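Notes to accompany the following structure.
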Amino acid sequence: MLDIRYIRENADRVQKSAQDKGYAVDVAQLLKLDEDRRELLQQVDVLRTKRNENAANLKDGKPDQATIDEGKTIKVELTELEASLKTIDDEYNALLQALPNITAMDVPLGGEEDSVEIKQWGKQITGAKDHLDFALARDWVDFERGAKVAGAKFYYLKGDLALLENAITQYALDFVIKKGFTFMTVPHMVNARTATGTGFAPRSQDQGDQYFIDGEDLSLIGTAEASLTGYHADEIIEEKDLPLLYAGLSPCYRKEAGTYGKHARGLFRVHQFNKLEMYAFTLPEQSVDFHEKILAIEEELWQSIGIPYHVINIAAGDLGAPATKKYDIEYWSAVDGMYRELTSCSNCTDFQARNLNIRVRREDGHIETVHTLNGTAVSLARSLIAVIEHYQNLDGTLQVPEVLRPYLGNRELL
RNA sequence: GGAGAGGUGACCGAGUGGUUGAUGGUACCGGUCUUGAAAACCGGCGUGGGGCGACUCACCGAGAGUUCGAAUCUCUCCCUCUCCGCCA
């Protein structure tokens, strides 16, 4: 959520950002509630002071009857006022929660089509064989049995393709560890507070992309970002310890409701895939630069694997609630002759951190909310598509990208 | 899953209805002392909200309740620990 003080002073920008993102919210209404709430809060405080003073009015350690009667009167009044406060408070909180983060100044306006390309790397070749046909021919993937055992969009990876996934994971892991990230395995389920604090839809909306565990306050994570955001919830981090960099490896579970037919074939959009996610807790003034740094790490990683790509600055209408700005790396699909999403990195500024109460104690002692950022190192299912499209041979074999060979027993060919 | 014991400030740990937002200790910060350091002594030291401010309100796992008054009593839930059961 946003800082109410910031909203008071920047109502127009908050309103505009929400609209640009496609959120129907009424900031004026929120500010009205904010005022009403503060006014009521003062009345409640006055009454509570009265109550406390009255209760402290003792003779020989006991109150007299008049004090008790007075206390009863105050209690009736207070109960009533507190009920009104709770009503207004709930409404206020609901509106506050519904506000998305503001967008950075350099975020393009518009929807998915309006994202701006800011860089290209590599050659746009075409004519490759579809990754699914290619993999099926080698008996490397089995969607039919995935469907039998779990359902549509579940799959088995087999043999060398499974080994390739493993190799990419290990390579990326070593790569980000060298960049200073601490490797973590994480809970694959999180509670509602963590999920909604990270920015995912609560169960009450019942749709969304998450799998909920029946009868439990748990949902399967759609990304390690959720588990990593919650890691420092309710903590005050010392300034000298920032930035804190983590790399979380986990499966990601997504319902992908309503996305059938859209890039549906093969491994591009599935219910479960593994992902190595970079995550950073930074000082507020560090996050903008750090966002560029995460992007640079992603680029360096994918260049080293040799996959052509471009980087786009995601338009406001395509940004999630927590992000103030997001870069996607889209790899060049040698099958489709177009760019398709491979990685994504976002600066969430203080939005997630405020939800989950993650703060920093500055050197001078004052306390403020930290900033959080996340970025994909490798999203495995899609990484496999990219590698198959760019390293396939006409005879159906697959060349191993040079940097991955040490992780595949130095094999050059699969 | 069953039985029991617990959840208090950065940490340890008092506190079972009435100036306790919380004794004491440790750590930390400032000062005295010292050539310097240590020790000793003195002082400071939770978070959040409201108010220009004096000040005030809330928070002792979470929520509800009892009471003039709750960290202290009751209920529900969550979590931790021990033992048993089960199990990669």
Side-chain angles (χ1 to χ4, degrees), chain A residues 1-9 30-97 185-197 202-204 212-219 227 230-242 244 250-251 281 284 350-351 353-370:
Chain A
M1 76 179 111
L2 290 170
D3 182 0
I4 186 63
R5 289 193 205 94
Y6 181 87
I7 299 170
R8 282 177 202 143
E9 286 163 24
L30 172 66
L31 289 177
K32 170 82 170 67
L33 276 171
D34 174 44
E35 258 179 66
D36 293 350
R37 179 175 165 278
R38 277 186 290 169
E39 199 179 307
L40 207 56
L41 196 60
Q42 281 188 49
Q43 292 175 32
V44 168
D45 275 1
V46 167
L47 216 52
R48 280 175 176 165
T49 308
K50 253 170 90 178
R51 176 199 63 194
N52 292 346
E53 283 169 352
N54 186 65
N57 181 17
L58 304 174
K59 287 198 186 83
D60 309 320
K62 294 250 172 169
D64 58 23
Q65 191 56 44
T67 300
I68 290 174
D69 290 345
E70 171 70 8
K72 285 186 179 178
T73 310
I74 295 172
K75 183 152 78 168
V76 171
E77 247 185 288
L78 189 57
T79 303
E80 208 174 298
L81 263 189
E82 281 179 335
S84 326
L85 181 62
K86 186 177 179 340
T87 305
I88 205 167
D89 215 35
D90 289 346
E91 207 182 329
Y92 164 82
N93 280 320
L95 278 186
L96 194 56
Q97 298 277 356
T185 60
V186 301
H188 297 174
M189 299 181 209
V190 295
N191 55 30
R193 181 196 178 211
T194 305
T196 55
R203 185 193 290 261
S204 58
F212 290 99
I213 305 299
D214 195 32
E216 306 266 350
D217 178 27
L218 289 171
S219 59
S227 309
Y231 186 70
H232 286 297
D234 296 319
E235 293 181 24
I236 297 176
I237 300 162
E238 297 300 326
E239 176 171 356
K240 64 176 167 52
D241 294 329
L242 291 178
L244 283 167
S250 80
F281 297 86
D350 58 358
F351 191 85
R354 182 166 299 101
N355 287 337
L356 291 173
N357 196 26
I358 308 168
R359 294 166 293 171
V360 54
R361 191 192 315 278
R362 307 302 298 240
E363 304 283 359
D364 67 7
H366 89 269
I367 287 169
E368 61 189 299
T369 305
V370 303

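The structure presented is a predicted model; accordingly, all values stated were derived computationally and were not measured. FYI, side chains are in, hydrogens and waters are out, and symmetry mates aren't considered; it's all heavy atoms of this structure.
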- Task: With heavy atoms under 4.0 Å as the rule, sort A:R193 into base, sugar-phosphate or nothing.
- Result: nothing
- Query: Out of curiosity, A:L33 CG to A:L40 CG, how far, rounded to the nearest 0.5 Å?
  - Reply: 11.0 Å
- Value rounded to 0.5 Å, distance of CG in A:L85 from CG in A:D90: 9.0 Å
- Note on the structure: Readout for nucleotides 61-81 of chain B: B = base within 4.0 Å of protein heavy atom, S = sugar-phosphate only, - = neither; 5' to 3' it is ------BBS------------
Starting at [atom1] of [X] and ending at [atom2] of [N], how long is that distance when rounded to a whole Å?
X	N	atom1	atom2	value
A:R361	B:rG46	CZ	P	10 Å
A:R38	B:rC57	CZ	C1'	15 Å
A:L41	B:rA58	CG	C1'	9 Å
A:N357	B:rG46	CG	P	17 Å

- Message: Nearest heavy atom decides the nucleotide; on that basis, is A:A56 or A:I236 closer to the 5' end of RNA chain B?
- Response: A:A56
- Message: With no hydrogens and no angle check, just 3.5 Å: does a side-chain donor-acceptor pair link A:N52 and A:T49?
- Response: no
- Answer yes if the side chains of A:D69 and A:Q65 hold a donor-acceptor pair under 3.5 Å, and no otherwise. yes
- Item | Salt bridge present between A:R48 and A:E82 (N-O < 4.0 angstrom) | yes
- Note on the structure: Of the listed B:rC57, B:rG48, B:rG50, the closest approach to the A:R8 side chain comes from B:rG50
- Residues at least two apart in sequence or cross-chain that pass ring pair (Phe, Tyr, Trp, His ring centres under 6.0 Å) with A:Y92, listed by chain then number, are none
- Query: Across all strands shown, which nucleotide pairs with B:rG30 by Watson-Crick or G-U wobble geometry, both distances under 3.5 Å?
  - Reply: B:rC42
